[in-house]
2 protein chains.
Amino acid sequence: MTSYDVAHRAGVSQSGVSRVFKPGASASAAMRARVLAAADELGYRPNAIARSLTTGRSNMVGVIISDLTNLYYPEVLSELSARFSGRGKRVLLFTLAREAGVDSILGDVVGYQLDGIVSAARLSAGQVSDFLDRGCPVVLYNRSFDDVPASSICCDHVHGARLLATRMAEAGHHRFGFVSGPTDSFVSQERTRGFLGRLAEMGVAEPAVVAGDYGYASGHAAARELAREAGPALDAIVCANDMMALGAVDAVRGSLGRRVPGDISIAGFDGIDPARWDSYRLTTVRQPVRRMTQAAVEMLLDHMADPSRPPERRMIPGELAVRATVRGLDGAPAAELGAADAA
Amino acid sequence: MTSYDVAHRAGVSQSGVSRVFKPGASASAAMRARVLAAADELGYRPNAIARSLTTGRSNMVGVIISDLTNLYYPEVLSELSARFSGRGKRVLLFTLAREAGVDSILGDVVGYQLDGIVSAARLSAGQVSDFLDRGCPVVLYNRSFDDVPASSICCDHVHGARLLATRMAEAGHHRFGFVSGPTDSFVSQERTRGFLGRLAEMGVAEPAVVAGDYGYASGHAAARELAREAGPALDAIVCANDMMALGAVDAVRGSLGRRVPGDISIAGFDGIDPARWDSYRLTTVRQPVRRMTQAAVEMLLDHMADPSRPPERRMIPGELAVRATVRGLDGAPAAELGAADAA
DNA sequence: TTGAAAGCGCTACCAG
DNA sequence: CTGGTAGCGCTTTCAA
């Protein structure tokens, strides 16, 4: 079923059919009606591939996600997908299991004429530049490069980390352990910097730091290692993301046989769904995923509409969600729900 | 950068360039070398859109997922994505938030010449037929229709449910509650049928049944409702998926103040990652996601290679993973890890 | 408003 | 093995 078939059946020219299917094109009501009728009878659907070939735009955007096992990303992906499809864009999904294959994505970007990319993976500055050089706008989700003119939407990790540090120091914790993410993770670097920096400002003893990989198991292991390193004085563990914090909670309660937050307070980052589950009620810094994905989509769409638009780096504050894994300011377990939790 | 540019630079014909980039086409080593060199210098990438237009195949497959908040699906999606990209296929992602929009996907299927579809969403028989009628092979993930000639890969929900029923009845539970999924869910129907059927066979009193929506919160609510309905005799709750079972565990331990499995045993279905976390150690029937996704991909690729191939319905047994939320056969809490858990 | 015609970049079929 | 040539189905000038 091509536009020629429809044109023939409707007794109009092929270009007429094309125009009828192009929103905002000139076609008389009469023609429109006949074409639509014919198209309907024939079950005609415009061929998006052919359209892309002529127009140079595919109506597809690439979404690059590094790791769907970190439960923060399914939430992001889900939102992005819904928003893009609401805007008439298809989502081509790229999951970067092993950091490899970025250049193959580059090939696809030009090959499939992707209209844009939102990346929530750990791309290098050079890789991002490659996309840009190919004329493909990029919005970086939760990372950004000073020297690369790509737009980005970031949660303010430093600020969030400082919030957390402040709150925990004020609650009187003395001996901290910190579980960072992979060392090449921008997010981890920011959160680490913010947390340790603020702690230092407040005159708290420097925490023991171990690195994890953002997974539950690594948080579990890290908590045990911290306990070993820091000894019984350890009274607070902060993890660079919720997944690890959940693992840490379980390790402390289980393997270590200590209470949370009675003996050791624990906090994370992200505000993933499982962190709210009753078994955890994890204190965390929540990223406003909805606002962030919305911003990401808007920014990308804007750049697609006007490629000359200068890159924009938007930063959104995270919200401290004080729940049940951190002692209260009076030394007692914190209130069940922080005010921020209502959102 | 088009193949003409490369051809010109390499001093060969455009068709030559095309052949060099088509795997398994005839081109002398000399030509290949010169073309590749020229292409490299020019940063040429074949235009997949144009290729799709002529060949009629896009090298894209659609993956339809209903709900990424059910943590079973991110696992599936992650696997599918990795496997498809390993096979040189791009994944066009469709998330079906509200069951609507299936027909828009249909449009995309024909518009983007999708080579195939794997659907893990609740499509109707008619919708699946529509895809098939358009010449787009479909593999149904965890559902199938008797009267629609689509291939499918299913976990044997009935069998798995029977395993669970047997094990729990043998452990001496008397008063069961069952939390089903949405009534229009094939998976839920199968699991419900298997579970209730086996219980009846074993002469166990008919369980109280309430319906959930596969989410944590609904499992939480359902457990409380079951406790209200069934009274203090209630000693086992089985949920149609892990997410709800996790909610149920928390409800029983928290709101109801009973022990799991001391007072009430709880089990789920799927074998999602969080079900293994120390706070839960949920007894469940694990779906072999890796084998299932592998089968799904293979089947779809086979159909794409040979469209005349008859549909195939493959069924893979689930594995009972006895963990810590169900009483042991001696009435004591079950062994920490079932043998199946080693996998 | 409408129709004719020229491509978009590639594949595939042909003859050489 | 190689080069010419005819499209794939659509959008988009350009005249009418």
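Reminder, nothing fancy here: chain letters follow the sequence lines and each chain counts from 1.
Not counting sequence neighbours, the partners of A:Arg143 by the side chain to side chain donor-acceptor pair (under 3.5 Å) test are A:Tyr73.
Using a 30° and 60° split on the angle between ring planes, B:Tyr72 and B:Tyr141 fall in the tilted class, from 30° to 60°.
Residue contacts for B:Tyr4: at a heavy-atom cut-off of 4.0 Å it reaches a base atom on one of the strands shown. Across all strands, B:Val17 comes closer than 4.0 Å to no nucleic acid atom at all (heavy-atom distances). Within 4.0 Å of A:Thr2, counting heavy atoms only, lie sugar-phosphate atoms of the nucleic acid but no base atom.
A:Glu79 places no side-chain N or O within donor-acceptor distance of the main-chain N or O of A:Val76, the cut-off being under 3.5 Å. In this structure a side-chain-to-backbone donor-acceptor pair under 3.5 Å is present from B:His303 to B:Met299. One N or O on the side chain of A:Asp5 and one on the backbone of A:Thr2 form a donor-acceptor pair closer than 3.5 Å. Under a 3.5 Å cut-off, the side chain of B:Ser66 and the backbone N or O of B:Ala121 do not form any donor-acceptor pair.
The side-chain heavy atoms of A:Val6 and A:Met1, taken from C-beta on, include no pair separated by under 4.5 Å.
Residues from residues 42-57 of chain A that place a heavy atom under 4.0 Å from any atom of DNA chain C, listed by number: A:Leu53, A:Thr54. The stretch residues 27-39 of chain B has no heavy atom under 4.0 angstrom from DNA chain C at all.
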Evaluate the criterion ring-ring contact (aromatic ring centres under 6.0 Å, His included) for residue pair A:Phe21 and A:Tyr44; output intermediate values, then yes/no.
CA-CA 11 Å; A:Phe21 279 91; A:Tyr44 167 78; 5.3 Å; yes

Pair B:Tyr214-B:Ser185, side chain to side chain donor-acceptor pair (under 3.5 Å): steps then yes or no:
CA-CA 10 Å; B:Tyr214 284 147; B:Ser185 157; 2.7 Å; yes

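On the nucleic acid side, DNA chain D has its first and last nucleotide under 4.0 Å of a heavy atom of chain B at D:dC1 to D:dG9, going 5' to 3'. Here chain B contacts DNA chain C (any atom closer than 4.0 Å to a heavy atom, that is under 4.0 Å), and the contacts span C:dG9 to C:dA12 from 5' to 3'.
Using a 3.5 Å distance cut-off with no hydrogens or angles, the side chains of A:Thr95 and B:Ser81 do pair a donor with an acceptor. No side-chain N or O of B:Glu75 forms a donor-acceptor pair with one of B:Ser78 less than 3.5 Å apart.
An angle of 30°, rounded to 10°, separates the two end axes of the helix from C:dT1-D:dA16 to C:dG16-D:dC1, each defined over five pairs.
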